Amino acid sequence: MPELPEVETYRRFLDEIILDQPITAFEVHDAHVLGTDEDTLRQRVVGQQVTATRRIGKNCFLELTDGTALVLHFGMTGDVGAYRDDHDMPRFTRVALHLASGLRIAFIDPRKFGRIRHTESVSHYQKAKKLGPDALDVTAAHLQHVLSAKKGLIKPLLLDQSITAGLGNWIVDEVLFQAKIHPERRGNTLTAKEFRTLQVAIQLVLSTAISHEATYRHFPASFLIHAREWDTSATPGTEQHRFCPRHPKVEIEKSYVGSRATYVCPRCQPAPDCIK
DNA sequence: CGCTATGTTGATGT
DNA sequence: GACATCAACATAGC
């Protein structure tokens, strides 16, 4: 479920096991997840070492000795794993990097929406893909500058990776709930104060999620995420959290905004006067 | 069986 | 150009 907190967790995991070891093989089990030609990829990677890991938004970069980089994007269901023997290879491993130490790094992705690419440099890739500033670095001034010029709905705007990189569907709902802003507000209707609140909420949600390694059920009770349907099924035995954390009698409402499932507290996040 | 799903991209329409 | 909508991608899990 890779949004920014998961990708950051994967990056930290990789950073601990992959650095400064020669890559001895690039094993492809399903070329569907390759965004760069397989032979090119193998040729550019085997024999090199990963010198550093980086992350922008939902993209994880493995920088190589020659300054180029592998880009990992995890789509909807991507994950990483490590193993040593073939028979321990995780289910749905699509690509495996073999290290000289014998450890193997698995790119796991059941639904194959993820991609592995090679790029000349991280900054080159950021520019080519028009990635905005990482959500952990974004300032209130940047948000105000860009969003106050937009007439679109705030939720789809926050999901736009060229405005700020790393916010996904549930994170945006959580951020807007924490900031007490309705997802159908228009970008150009937010006040300077609300942009500051938004930036603080982004920091709160992301740092909380990362500190729990993106394990949602460990998040504080003040978070809206517990009201999402899949959370109740993920925590059998736990009573359903259908109500607002701040208003025990107000039920969380589900709707679709920009054709994405959206959860809102109707009390905390008043709908704009003019819907539509 | 039918339905939903965390992301991204591209086509199409207004 | 700005904005909205929707299909497509491939598959699991309920």
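What you are looking at is a predicted structure, and each value in this text was computed from that prediction instead of being measured. The chains referred to below are lettered A, B, ... by the order of the sequence lines, with proteins before strands, and numbering in each begins at 1.
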Counting side-chain heavy atoms from C-beta on, which of [options] comes nearest to [X]?
X: A:Gln161; options: B:dA5, B:dT8, C:dA12; value: B:dT8
X: A:Tyr256; options: C:dC6, B:dA5, B:dG7; value: B:dA5
X: A:His32; options: B:dT8, C:dA10, B:dT6; value: C:dA10
X: A:Ser259; options: C:dC6, B:dT8, C:dA12; value: C:dC6
X: A:Arg186; options: B:dA5, C:dC3, B:dT8; value: C:dC3

Please check the phosphate of B:dG7 (OP1 and OP2 only) for any side-chain N or O of A:His73 closer than 4.0 Å.
-> no
Using a cut-off of 4.0 Å on non-hydrogen atoms, how would the nucleic acid contact of A:Phe92 be classed: base, sugar-phosphate, or nothing?
-> sugar-phosphate
Using heavy atoms and a sub-4.0 Å distance, could you list which residues of residues 201-209 of chain A are near DNA chain B? By number, please.
->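 Those residues whose heavy atoms fall under 4.0 Å from DNA chain B, taken from residues 201-209 of chain A, amount to none.
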Heavy atom of residues 134-159 of chain A under 4.0 Å from DNA chain B: which residues?
-> none
Minimum heavy-atom distance between A:Thr262 and A:Lys155, given as atom pair plus value | OG1-NZ, 2.8 Å
Please state how far atom [atom1] in [X] lies from atom [atom2] in [N], giving the value in whole angstrom units.
X: A:Arg260; N: B:dA5; atom1: CZ; atom2: P; value: 9 Å
X: A:Leu34; N: C:dA10; atom1: CG; atom2: P; value: 14 Å
X: A:Asp160; N: C:dT5; atom1: CG; atom2: P; value: 16 Å
X: A:Lys112; N: B:dG7; atom1: NZ; atom2: C1'; value: 17 Å
X: A:Asp79; N: B:dA5; atom1: CG; atom2: C1'; value: 16 Å
X: A:Asn169; N: B:dA5; atom1: CG; atom2: C1'; value: 10 Å
X: A:Asn59; N: B:dG7; atom1: CG; atom2: C1'; value: 11 Å
X: A:Arg111; N: C:dT11; atom1: CZ; atom2: P; value: 11 Å

Quick note, ring pair (Phe, Tyr, Trp, His ring centres under 6.0 Å) partners involving residues 13-61 of chain A, not counting sequence neighbours, are A:Phe61-A:Tyr125
Side-chain donor or acceptor of A:Gln269 paired with backbone N/O of A:Val264 under 3.5 Å =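 No; zero donor-acceptor contacts below 3.5 Å.
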Would you find more than 12 non-hydrogen atoms of other residues, nucleotides or ligands less than 6.0 Å from A:His124 atom NE2?
-> no
Using salt bridge (charged side-chain N to carboxylate O under 4.0 Å, His left out) as the criterion, list what pairs up with A:Asp66, not counting sequence neighbours.
-> A:Arg44
How far, in whole Å, is B:dT6 from C:dA4 if one measures between their C1' atoms?
-> 22 Å
Spatial distance of atom OG1 (A:Thr68) from atom CD (A:Gln48) [nearest 0.5 Å] |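 Result: 5.0 Å between the selected atoms.
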Interatomic distance, A:Asp15 atom CG to A:Ile18 atom CD1 [nearest 0.5 angstrom] = 9.5 Å
Would a line drawn from the ring center of A:Phe107 to the ring center of A:Phe74 be shorter than 6.0 Å?
->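 So the answer is yes for these two rings.
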Check: A:His212 ring centre within less than 6.0 Å of A:Phe219 ring centre | yes
Pick one: which of A:Val45, A:Thr65, A:Leu62 meets side-chain contact (heavy atoms from CB on, under 4.5 Å) with A:Ile23?
->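 Running side-chain contact (heavy atoms from CB on, under 4.5 Å) over A:Val45, A:Thr65, A:Leu62 with A:Ile23 returns exactly one hit, A:Val45.
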Check each of A:Gln126, A:Arg55, A:Lys58 against A:Asp134 using the side-chain hydrogen bond (donor to acceptor under 3.5 Å, both in side chains) test, and report the only one that passes.
->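 Running side-chain hydrogen bond (donor to acceptor under 3.5 Å, both in side chains) over A:Gln126, A:Arg55, A:Lys58 with A:Asp134 returns exactly one hit, A:Arg55.
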Trace of the salt bridge (Lys or Arg N to Asp or Glu O under 4.0 Å) decision for A:Arg12 with A:Glu16 | CA-CA 6 Å; A:Arg12 291 178 184 184; A:Glu16 286 183 3; over 6 Å; no
Close side-chain approach of A:Lys112 and A:Asp30, heavy atoms under 4.5 Å = yes
Is A:Glu194 salt-bridged to A:Arg185, going by a charged N under 4.0 Å from an acidic O?
-> yes
Does A:Asp88 pair with A:Arg104 as a salt bridge, N-O distance under 4.0 Å?
->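 Not counted as a salt bridge, because no side-chain N and carboxylate O are separated by less than 4.0 Å.
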DNA chain C in dot-bracket, Watson-Crick or G-U pairs under 3.5 Å, [ ] crossing, | other strand?
-> .||||||||.||||
Report all interatomic pairs (protein N or O, nucleotide N or O of nucleotides 9-14 of chain B) with separations under 3.5 Å.
unit_1	atom_1	unit_2	atom_2	d
B:dT9	OP1	A:Lys129	NZ	3.2

